[in-house]
Number of protein chains: 2
Amino acid sequence: MAYAEQYIDKLRKSGLRPTKQRIKICKVLFNTDKTFHFTIKELVKIIENQANIKVSLATVYNTVHAFIKKGYLKEIPLNASQSYYDTNVTHHHHFFDEEENRLIDIHQDDVDEVNIKKTIPGKKIKSVEVIAKIVSDNQSQK
Amino acid sequence: MAYAEQYIDKLRKSGLRPTKQRIKICKVLFNTDKTFHFTIKELVKIIENQANIKVSLATVYNTVHAFIKKGYLKEIPLNASQSYYDTNVTHHHHFFDEEENRLIDIHQDDVDEVNIKKTIPGKKIKSVEVIAKIVSDNQSQK
DNA sequence: TAATACATTATATTTATTCTAAACTGTTGA
DNA sequence: TCAACAGTTTAGAATAAATATAATGTATTA
């Protein structure tokens, strides 16, 4: 219960009332130091496995989107059939393994600062993400 | 008709028979020096406006995917409800304007080479893409 | 604690994409 | 050249993620 206040705080700051369902979602997303990637489907599955309360898809979508808006979650830019989300909101990048449909973090320190010389009038950069697609290295092409 | 052979060549190299419909798709995609971004919906609309032949959605999807596989088109990694494709297959990057749902090319020279120090055993990097999200700069936050 | 505003849910809807199967067409080889 | 075959096109159905709806439930407030 000690953690519940953190969650309530996060929810209120996101403009959401702390309800049983939302606190459960928070527990799954934020009760560990480890960050992770997930799809909505996976998140629902984790909740189902852990909880004795039911959470509908709509609530999960709404809550995840509110957290993204507030910056507690990030959406990972990836052209996939489902959206991928990340509990790691620090500045970092990703490998995407298309063969195994797997996302792997790349720490900010492992990529030199991405410096973009081009600017768009009236616009500022909000975020910069690097996606490196990886495939099996069969040594065939040297 | 001088161009048709180019298109037939592209199609054959993609493992596709040159049919009326596919040649039409090639004309829309490759008959200009200018590169552009498109969604399937937009591509269908352009074809409709130009052609007196009909091309079904399924054919457009199949052909676009064959071209991507062959490297004549690129998919732009973007978590959007529709997939975005690019006729510019050279190495370059993108701004994505979330407010206007607009993609803008960033020439390779405008971004320093992205050097990733991390490696994944048994895997090699196939491609590296930078997505910079931009928003209105209201000068409000200095 | 009553009134209100916000939440939750099951279900329906929307929309991009993929699948299907029947009709059609390019290709090949005799 | 033409028959046979393999690949293609198409309309429409199927799938699946995401969003909308509207009735019921719950947190908040005064």
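Within every chain, numbering begins at 1; the chains are lettered A, B, ... in the order of the sequence lines, protein sequences first and strands thereafter.
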Once you round it to whole Å, what is the distance between [atom2] of [N] and [atom1] of [X]?
{"X": "Glu42(A)", "N": "dA18(D)", "atom1": "CD", "atom2": "P", "answer": "11 Å"}
{"X": "Lys24(B)", "N": "dT9(D)", "atom1": "NZ", "atom2": "C1'", "answer": "17 Å"}
{"X": "Tyr7(A)", "N": "dA27(D)", "atom1": "OH", "atom2": "P", "answer": "19 Å"}
{"X": "Leu16(A)", "N": "dA5(C)", "atom1": "CG", "atom2": "C1'", "answer": "14 Å"}
{"X": "Arg22(A)", "N": "dT26(D)", "atom1": "CZ", "atom2": "C1'", "answer": "11 Å"}
{"X": "Ile53(B)", "N": "dT9(D)", "atom1": "CD1", "atom2": "P", "answer": "10 Å"}
{"X": "Leu11(A)", "N": "dT8(C)", "atom1": "CG", "atom2": "C1'", "answer": "14 Å"}

- Compare all side-chain heavy atoms of Val128(B) with those of Ile131(A) and state whether any distance is below 4.5 angstrom.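 No, side chains not in contact.
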- Message: Counting primed atoms plus P, OP1 and OP2 as sugar-phosphate and everything else as base, spell out the protein contacts along nucleotides 15-30 of chain C at 4.0 Å heavy-atom distance: B, S or - for each nucleotide, 5' to 3'.
- Response: -SBBB------BS---
- Check whether any side-chain nitrogen or oxygen of Gln21(A) sits under 4.0 Å from OP1 or OP2 of dT9(C), and answer yes or no.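 Affirmative; the distance criterion is met.
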- Would you say dA7(C) has OP1 or OP2 under 4.0 Å from some side-chain N or O of Thr59(A)?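 For Thr59(A), the contact criterion (side-chain N or O under 4.0 Å from OP1 or OP2 of dA7(C)) is not met.
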- Message: List the residues meeting side chain to side chain donor-acceptor pair (under 3.5 Å) with Ser56(B), not counting sequence neighbours, and say none if there are none.
- Response: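 By the side chain to side chain donor-acceptor pair (under 3.5 Å) rule, Ser56(B) matches Thr59(B).
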- Query: Quick one: side chain to side chain donor-acceptor pair (under 3.5 Å) partners of Asp97(A), sequence neighbours excluded?
  - Reply: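 Checked Asp97(A) against side chain to side chain donor-acceptor pair (under 3.5 Å); matches are Arg102(A), Lys123(B).
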Under 3.5 Å, which donor-acceptor pairs do the side chains of residues 41-51 of chain A form with other protein atoms, sequence neighbours left out?
from: Glu42(A); atom 1: OE1; to: Thr39(A); atom 2: N; distance (Å): 3.0
from: Gln50(A); atom 1: OE1; to: Lys24(A); atom 2: NZ; distance (Å): 3.3

With a cut-off of 3.5 Å and sequence neighbours excluded, list every side-chain donor-acceptor pair involving residues 72-83 of chain A.
from: Lys74(A); atom 1: NZ; to: Thr90(A); atom 2: O; distance (Å): 3.3
from: Glu75(A); atom 1: OE2; to: Ser83(A); atom 2: OG; distance (Å): 3.3
from: Asn79(A); atom 1: ND2; to: Ile76(B); atom 2: O; distance (Å): 2.5

Considering only distance and modelled atom types, tabulate donor-acceptor pairs under 3.5 Å from the side chains of residues 111-120 of chain A, sequence neighbours left out.
from: Asp112(A); atom 1: OD1; to: Lys117(B); atom 2: NZ; distance (Å): 3.1
from: Lys117(A); atom 1: NZ; to: Asp109(B); atom 2: O; distance (Å): 3.4
from: Lys117(A); atom 1: NZ; to: Asp112(B); atom 2: OD1; distance (Å): 3.1
from: Lys118(A); atom 1: NZ; to: Asp105(B); atom 2: O; distance (Å): 2.7

